[in-house]
Amino acid sequence: MRLALRLPGEWVRLPVGEAGARERIRELAARLLGAGDERAPLRIALRQRLEAALERSEAAGAAEVHVGIALEADVPLPAVAYVYRGVPVPTAASTEPDAVMAALVPLVLRAAHEGAGGTAAPGPDDRVLDAGRSRILRRPGVRDVPHGEGAAPALAVDYWVTVPGERRAALLHVDVPLIAPAALLLALCDAIATAARFEAPDRVAADA
């Protein structure tokens, strides 16, 4: 099953793994910002941002990448949402979402702390969210992400989403530059995660 996002405002889906991806990014930048010479610096900056997001996603094996353009026509939203196939959770007692989440939490926490050699422990803002047929493990943090020729602080949130009827969890990762209070941005990211729904392969093919 595929995790389908319901994104607020205007977003674009990057052509991950597709031929001619960078040419499509150039066309997208021109469509969004126009072809006039006076907007060339903005087009270049947007193209570089999209190309960087594409490179990072392909290197990490993302299945889908969505880039936020605006919440509304006049409210910029420079966010990136990555969807990964996730991981199997064979130790879950059943395919029920609570059982899968109970087995998933220690796996994720141990992996997060493995490099430091310490005991796995939840972070202060780690939460398990209820999303109907799924449960979501949320793990937020602040990190530097590439921006232009340098880097800028961003809220980076991992959402591990249990797949209905399976011992598996998909991974949604959202990066949002800290252009507003972190609590407000986290609420926006939570809304994106809890609104996502899994779609069966036949529906995905029909919608393609």
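Values reported hereafter were calculated over all heavy atoms of this structure, with side chains retained and with hydrogens, waters and symmetry mates removed.
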S.K.: Membership question, hydrophobic clusters at under 4.5 Å side-chain separation (ILVMFWY): are L178 and L188 in the same one?
M.R.: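 The answer is yes; both residues are in one hydrophobic cluster.
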
S.K.: Could you check if a side-chain atom of E166 sits within less than 4.5 angstrom of a side-chain atom of M1, using non-hydrogen atoms only?
M.R.: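 Result yes, sub-4.5 Å side-chain heavy-atom pair found.
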
S.K.: Shortest non-hydrogen contact from P164 to F198?
M.R.: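 Where P164 meets F198 most closely, the heavy atoms are CD-CD1, 3.3 Å.
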
S.K.: Less than 4.0 angstrom from a charged side-chain N to a carboxylate O is my criterion; do R135 and D130 meet it?
M.R.: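 Between D130 and R135 there is a salt bridge, with a charged N closer than 4.0 Å to a carboxylate O.
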
S.K.: Please confirm whether the backbone N or O of I136 pairs with a side-chain atom of Y159, one donor and one acceptor, at under 3.5 Å?
M.R.: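 It does not hold such a pair.
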
S.K.: Look at D126 together with R139 and state whether they make a salt bridge at an N to O cut-off of under 4.0 Å.
M.R.: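 Yes, this pair counts.
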
S.K.: Using side-chain heavy atoms (C-beta onward) and a distance below 4.5 Å, is V80 in contact with H66?
M.R.: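 Side-chain contact under 4.5 Å: no.
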
S.K.: Given the rule that I, L, V, M, F, W and Y join up when any side-chain heavy atoms are under 4.5 Å apart, are L184 and V142 in one cluster?
M.R.: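 No: no chain of side-chain contacts under 4.5 Å links L184 to V142.
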
S.K.: Counting only N and O atoms by type, is there a donor-acceptor contact under 3.5 Å from the side chain of R168 to the main-chain atoms of V163?
M.R.: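 Flag not set: sc R168 to bb V163 has no pair under 3.5 Å.
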
S.K.: Are the side chain of R127 and the backbone N or O of P124 linked by a donor-acceptor pair below 3.5 Å?
M.R.: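 The answer is yes, because a donor-acceptor pair under 3.5 Å joins these two groups.
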
S.K.: Is it the case that more than 12 heavy atoms not belonging to R85 sit under 6.0 Å from its CZ atom?
M.R.: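 Result for CZ/R85: open.
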
S.K.: Within a strict 4.5 Å, meaning less than it, do heavy atoms of the L129 and D190 side chains meet?
M.R.: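 Result yes, sub-4.5 Å side-chain heavy-atom pair found.
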
S.K.: Rounded to the nearest 0.5 Å, what separation is found between the CZ atom of R26 and the CG atom of L50?
M.R.: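 These two atoms lie 12.0 Å from each other.
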
S.K.: Please determine if E64 and R13 form a salt bridge, counting it only when a charged side-chain N lies under 4.0 Å from a carboxylate O.
M.R.: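 A salt bridge links E64 with R13.
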
S.K.: Taking the side chain as every heavy atom from C-beta outward, state whether E55 and R22 have any pair of such atoms under 4.5 Å apart.
M.R.: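 When only atoms from C-beta onward are counted, R22 and E55 do touch, with a gap below 4.5 Å.
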
S.K.: Near R133 CZ, under 6.0 Å, is it more than 12 heavy atoms from other residues, nucleotides or ligands?
M.R.: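 Check fails, neighbour count at 12 or below.
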
S.K.: Measuring only between side-chain heavy atoms, which start at C-beta, is I192 closer than 4.5 Å to L7?
M.R.: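 Sidechains of L7 and I192: in contact.
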
S.K.: Out of I25, V67, V65, which one pairs with L54 under the side-chain contact (heavy atoms from CB on, under 4.5 Å) rule?
M.R.: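 Per the side-chain contact (heavy atoms from CB on, under 4.5 Å) rule, the option paired with L54 is I25, out of I25, V67, V65.
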
S.K.: Report yes if the side chains of L104 and V87 come closer than 4.5 Å at any heavy-atom pair, otherwise no.
M.R.: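 The answer is yes, as the side chains (C-beta and beyond) meet within the 4.5 Å cut-off.
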
S.K.: Between S134 and A131 (side chain of the first, backbone of the second, donor and acceptor by atom type, cut-off under 3.5 Å), is there such a pair?
M.R.: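 No.
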
S.K.: Evaluate D175 against Y82 for side-chain contact (heavy atoms from CB on, under 4.5 Å), listing each step before the verdict.
M.R.: CA-CA 9 Å; D175 281 334; Y82 304 85; 3.9 Å; yes

